[in-house]
Each structure stands twice: as C-alpha cells, then as structure tokens.
Amino acid sequence: MKKSILLLVFLLMNAIGFSQETEVKYDENLAKSLHADEYGMKKYVFCLLKSGTNTTASKEETKKLFEGHMANIGKLAKEGKLVVAGPFMKNDRNYRGIYVFNVETIEEAKALVATDPAIKANLLEAELTPWYCTAALQETVKIHEKIAKTKM
C-alpha cells in the first residue's frame with residue numbers, strides 16, 4: 001500500500017512538472033524589442049541571389065567585387081538590416097545565395113541591394129519577395145558570432 005501511494009505521488013509530481021514545462025513562456029519585452037506580432041512573427045524581404053549577366057569580368061575584378069560583397073554583408077548585418085546571408089552549394093539553377101533583409105518593403109530592400117558591389121557590377125542578380133517569418137530570426141547574427149571560430 002505504501003509503495004502504491006509513493007508511486008502515485010511520484011506520478012503526480014512528474015505530471016505537474018511536465019505541465020509546467022509545456023506552458024507558454026511569453027516574454028513581452030523581447031517580443032516588443034523584435035517587433036513581433038501576436039504570433040511572434042514579422043515581415044522581412046527574402047532575396048534570392050542568382051548569377052548575373054556580367055560574364056566578362058576578369059578574375060582580379062571579380063575577386064575585388066566579391067571582397068566588397070562580403071564587406072557589405074558584414075556592414076548590413078552590423079546595422080541589423082540583414083539577418084541571414086549565405087551561399088548555395090553548386091547547383092544547376094544558377095542560384096548563388098540568399099539574403100533575408102530586416103525590412104518590410106521591397107523598396108527598402110532594393111535600396112540595400114544597391115549597396116552590394118557584386119550586384120551593381122551585375123555579377124549577381126537579386127530577386128526580392130516579401131516574407132513572413134519568426135521575429136526570432138533577428139537573433140541569428142548574435143548567436144552566429146558566438147559559434148564562429150573563424151570570421152569570413
């Protein structure tokens with residue numbers, strides 16, 4: 001009988017603990033700081049980078065333009081305007097990479113795309129579309145800084 005009572009108490013304690021773990025842990029201040037809506041989401045602009053029309057640039061010119069491209073990515077990320085950027089692996093669609101801009105409109109994203117030397121030189125072409133995603137995506141850059149042993 002004593003063992004049955006102990007087992008019942010143990011199961012009740014586990015059930016209470018489990019129910020507490022599944023509760024929503026809403027942080028209003030964090031949500032406001034990230035401009036999250038009631039679902040924890042917000043608007044961004046997704047940018048698909050494709051190979052551009054400039055196929056005559058020299059290797060030296062291309063190298064310099066892509067150094068500027070990388071510097072621009074760092075600048076936009078530091079400003080909080082770019083929350084994700086990265087290249088695609090080799091593919092047959094001429095997809096080169098993506099940006100996710102922390103802006104709400106295509107017009108704002110076009111202004112940011114215009115700051116990229118590789119896009120200005122037509123080595124890359126940008127295709128922009130509105131995107132709705134978790135507001136937490138903005139925290140990616142901060143987390144990445146903590147896990148990147150070597151900077152690009």
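A 4.5 Å side-chain heavy-atom check between Thr62 and Leu123 finds at least one atom pair inside the cut-off. Looking only at side-chain heavy atoms (C-beta outward), Phe101 and Leu128 come within less than 4.5 Å of each other. Ile73 has its side chain within reach of Tyr99: a pair of non-hydrogen atoms, C-beta onward, lies under 4.5 Å apart. Residues Asp116 and Met70 form no side-chain contact, since every pair of their non-hydrogen atoms from C-beta on lies 4.5 Å or further apart.
Listed here is the closest heavy atom pair of Val103 and Ala109: CG2-N, 3.8 Å. Closest approach of Met41 and Thr134 over heavy atoms only: SD-N, 3.5 Å. Smallest separation of non-hydrogen atoms from Leu82 and Ala85: CD2-CB, 3.8 Å. Shortest non-hydrogen contact noted between Tyr132 and Lys43 is CD1-N, 4.4 Å.
Atom CG in Asn72 sits 8.0 Å away from atom CD1 in Ile119 (nearest 0.5 Å). Atom CG of residue Leu124 and atom CG of residue Asn54 lie 10.0 Å apart, to the nearest 0.5 angstrom.
Val83 belongs to a hydrophobic cluster whose other members, connected by ILVMFWY side-chain contacts under 4.5 Å either directly or through intermediates, are Tyr44, Phe46, Leu48, Val84, Phe88, Tyr95, Ile98, Val100, Trp131, Leu137. The hydrophobic side chain of Val141 is isolated, with no ILVMFWY side chain under 4.5 Å apart from it. Other cluster members for Leu34: Leu30, joined by side-chain heavy-atom distances under 4.5 Å among Ile, Leu, Val, Met, Phe, Trp and Tyr.
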Would you sort out whether Leu76 and Thr115 count as a side-chain contact (heavy atoms from CB on, under 4.5 Å), showing the intermediate values? CA-CA 9 Å; Leu76 293 175; Thr115 66; 4.1 Å; yes
Intermediate values then yes/no, side-chain contact (heavy atoms from CB on, under 4.5 Å), Asn102 and Glu108: CA-CA 9 Å; Asn102 192 12; Glu108 292 171 289; over 6 Å; no
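Legend: residues meeting salt bridge (charged side-chain N to carboxylate O under 4.0 Å, His left out) with Lys50, ordered by chain and number and at least two apart, are Glu127. Residues passing the side chain to side chain contact (heavy atoms under 4.5 Å, CB included) test with Glu107 are Thr105, sequence neighbours excluded. Residues satisfying the salt bridge (charged side-chain N to carboxylate O under 4.0 Å, His left out) test with Lys32, not counting sequence neighbours, are Glu28. Under the side chain to side chain contact (heavy atoms under 4.5 Å, CB included) criterion, Asn94 pairs with Ser51, sequence neighbours left out. Legend: residues meeting side-chain hydrogen bond (donor to acceptor under 3.5 Å, both in side chains) with Glu125, ordered by chain and number and at least two apart, are absent.
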Listed pairs under 3.5 Å, donor-acceptor, residues 142-150 side chains, sequence neighbours left out:
| residue | atom | partner | partner atom | Å |
| --- | --- | --- | --- | --- |
| Lys142 | NZ | Glu139 | OE2 | 3.3 |

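Enclosure of atom OH in Tyr26 by more than 12 non-hydrogen atoms of other residues, nucleotides or ligands within 6.0 angstrom is indicated.
Contacts classified as salt bridge (Lys or Arg N to Asp or Glu O under 4.0 Å) and involving residues 51-76 (residues at least two apart or in different chains) are given here: Lys63-Glu67, Lys75-Glu79. Among residues at least two apart or in separate chains, there is no salt bridge (Lys or Arg N to Asp or Glu O under 4.0 Å) pair with a member in residues 33-42. Within the structure, the salt bridge (Lys or Arg N to Asp or Glu O under 4.0 Å) test picks out no pair touching residues 87-102 (sequence neighbours left out).
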